[in-house]
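Shown next, in structure tokens, is the structure this report addresses.
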Amino acid sequence: MITVVRRIGTPYNPDPTLNNNEWETIALAYEKGDAQELWTVGATKNIVINGLVGTQQFNNFALDVFIIGYDHNAEREGPGITFELGKVGGKDICLVDSHYNSTSTSGAKWFNMNHSGNANSGGWKGCDLRYDVLGSTNVNNGDATSTCATSPVSNTLMAALPADLRAVMKPMNIWTDNTGGGDNTASYVTQTVDYLPLLAECEIFGSGYGWSGSGYANDAEKNYQQQYQYYKNGNGKVKYRHNSTGSTARWWERSPGADNSGRFCGVSAGGGAGDTGASSSLGVTPIFRIS
């Protein structure tokens with residue numbers, strides 16, 4: 001039996017259906033140790049996104065976010081519940097823009113990893129998508145500060161998320177190849193602080209991937225990463241376009257390709273590992289953590 005207590009004057013009475021709870025209640029349930037008992041990996045909660053994201057306008061677009069792990073890689077990344085965005089009608093989806101599956105180096109803020117060139121130099125930390133489309137950091141080519149979620153970069157996905165969700169989001173200490181250049185060098189893998197990052201190759205496919213395995217990422221990334229429980233449980237990796245849920249999509253990962261200075265890793269329309277030129281506009285399906 002869960003005891004009813006109060007937090008900032010709000011009754012604490014969590015519902016076993018995740019979607020029936022406010023974000024503050026979900027965060028408090030984690031803090032009290034009740035969340036994992038109440039809600040399984042894969043449980044969903046509806047949100048609405050509203051605003052301009054890069055070049056793509058979302059007008060009160062409803063979708064579900066879903067739990068992909070509890071205390072994932074907590075010794076390195078910190079504790080909490082990790083969610084992925086998202087699902088529509090039970091289908092895993094990614095957000096796409098009107099330039100999907102096309103390339104551009106014009107500088108326009110499409111859903112490409114870098115807007116002005118087909119290169120992965122700077123890796124995840126330095127890529128354009130991280131800062132001015134996702135709003136995963138509020139410091140371009142730097143670590144997110146404590147106000148990243150509550151005072152987000154304008155015209156980003158972070159800014160389009162509901163304010164009550166952003167209020168309980170926590171920083172994630174993630175590890176990625178942050179140098180790029182198409183080289184499989186272990187020292188290139190370093191930590192950044194993010195609030196709304198993309199998944200890395202190992203976090204989706206597991207430790208059998210990487211340049212020396214079945215994938216394309218820097219081999220050293222998996223020394224610092226773990227596969228998320230949602231994917232470890234055997235859930236599919238095929239995503240559908242948010243605006244056409246009968247159409248599959250290619251979607252980005254944050255891992256630079258270790259074999260080519262112009263590519264980042266991604267997931268194919270069929271759900272397999274791959275890599276694509278950084279100037280290509282693909283789907284995005286970021287993650288976030290609350291605790």
Side-chain angles (χ1 to χ4, degrees), residues 5 7-8 10 12 14 18-19 21-49 53 63-86 124-125 129-131 133-140 142-153 156-176 178 190-200 202-204 224-231 254 284-291:
V5 297
R7 183 194 195 196
I8 320 177
T10 302
Y12 172 64
L18 180 64
N19 194 50
N21 296 276
E22 301 294 332
W23 282 108
E24 184 185 23
T25 302
I26 297 169
L28 184 53
Y30 174 80
E31 292 171 12
K32 292 180 66 62
D34 297 329
Q36 199 161 356
E37 177 185 338
L38 288 163
W39 311 304
T40 61
V41 168
T44 61
K45 178 167 172 58
N46 188 255
I47 66 168
V48 174
I49 58 177
V53 177
L63 73 164
D64 290 334
V65 297
F66 56 98
I67 297 173
I68 60 169
Y70 283 95
D71 294 330
H72 174 81
N73 202 13
E75 289 187 3
R76 293 191 183 276
E77 298 184 15
I81 314 172
T82 308
F83 289 80
E84 186 178 340
L85 182 156
W124 165 250
K125 182 179 181 181
L129 187 83
R130 176 182 179 236
Y131 172 71
V133 173
L134 296 176
S136 185
T137 179
N138 56 348
V139 179
N140 197 1
D143 288 336
T145 73
S146 60
T147 61
C148 179
T150 52
S151 298
V153 176
T156 62
L157 181 57
M158 180 68 83
L161 294 176
D164 60 337
L165 167 55
R166 291 189 283 108
V168 298
M169 289 171 64
K170 300 297 182 182
M172 302 173 66
N173 303 314
I174 60 172
W175 294 77
T176 322
N178 289 311
T190 57
Q191 180 186 297
T192 58
V193 180
D194 281 79
Y195 277 77
L196 197 61
L198 301 177
L199 290 159
C202 172
E203 293 170 343
I204 301 165
Y224 300 89
Q225 300 168 354
Q226 295 175 8
Q227 186 179 26
Y228 271 95
Q229 191 64 50
Y230 179 81
Y231 292 103
R254 71 177 189 268
V284 295
T285 173
I287 60 175
F288 61 88
R289 186 162 297 165
I290 68 169
S291 63

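In this text, all values refer to a predicted model and were calculated from it rather than measured experimentally.
Inter-residue side-chain proximity for Tyr131 and Val139 is flagged as unmet; no heavy-atom pair is nearer than 4.5 Å. At a threshold of 4.5 Å between non-hydrogen side-chain atoms, the residues Pro197 and Ile287 count as touching. Counting heavy atoms from C-beta outward, Thr137 and Val193 have side chains that stay 4.5 Å or more apart. Proximity of Leu161 to Ile49: side-chain heavy atoms (C-beta onward) are separated by under 4.5 Å at one or more points.
The aromatic rings of Tyr228 and His72 sit parallel, their planes meeting at an angle under 30°, below the 60° perpendicular limit.
Every residue two or more places apart in sequence or in another chain was checked for a ring-ring contact (aromatic ring centres under 6.0 Å, His included) with Tyr231, and none qualifies. The ring-ring contact (aromatic ring centres under 6.0 Å, His included) search around Tyr224 returns Trp175, not counting sequence neighbours. The side chain to side chain donor-acceptor pair (under 3.5 Å) test applied to Gln225 returns Glu221, not counting sequence neighbours. For Asn178, the side-chain contact (heavy atoms from CB on, under 4.5 Å) criterion is met by Trp124, Lys125, Thr176, Thr190, Thr192, not counting sequence neighbours. Scored by the side-chain contact (heavy atoms from CB on, under 4.5 Å) test, Ser151 finds Thr147 as partners (sequence neighbours excluded). With sequence neighbours left out, Val41 forms a side-chain contact (heavy atoms from CB on, under 4.5 Å) with Ile67, Tyr70, Gln229, Tyr230, Asn233. Take Glu22 and apply the side-chain contact (heavy atoms from CB on, under 4.5 Å) test, not counting sequence neighbours, and it matches Thr25, Asp164. With sequence neighbours left out, the ring-ring contact (aromatic ring centres under 6.0 Å, His included) criterion links Tyr195 to no other residue.
Within the structure, every pair that satisfies the side-chain hydrogen bond (donor to acceptor under 3.5 Å, both in side chains) test and touches residues 38-47, not counting sequence neighbours, is listed here: Asn46-Asp64. Applying the salt bridge (charged side-chain N to carboxylate O under 4.0 Å, His left out) rule to pairs touching residues 69-84 yields Glu77-Arg289, Glu84-Lys239, sequence neighbours excluded.
Looking only at distances, no side-chain donor or acceptor of Ser291 sits under 3.5 Å from a matching main-chain atom of Gly80. Panel note: side chain Glu203, backbone Ala200; a donor-acceptor pair is recorded below 3.5 Å. Not one N or O on the side chain of Asp143 forms a donor-acceptor pair closer than 3.5 Å with the backbone of Asp194. Under the 3.5 Å distance criterion, the side-chain polar atoms of Arg254 are matched with a main-chain donor or acceptor of Leu198.
Taking every heavy atom of both residues into account, Cys148 and Ser136 meet most closely at SG-O, 3.5 Å. When every heavy atom of Arg130 is checked against every heavy atom of Ala144, the shortest pair comes out as NH2-N, 4.4 Å.
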**Request:** Mind running side chain to side chain contact (heavy atoms under 4.5 Å, CB included) on Ile26 and Leu18 for me, showing each step along the way?
**Result:** CA-CA 8 Å; Ile26 297 169; Leu18 180 64; 3.6 Å; yes
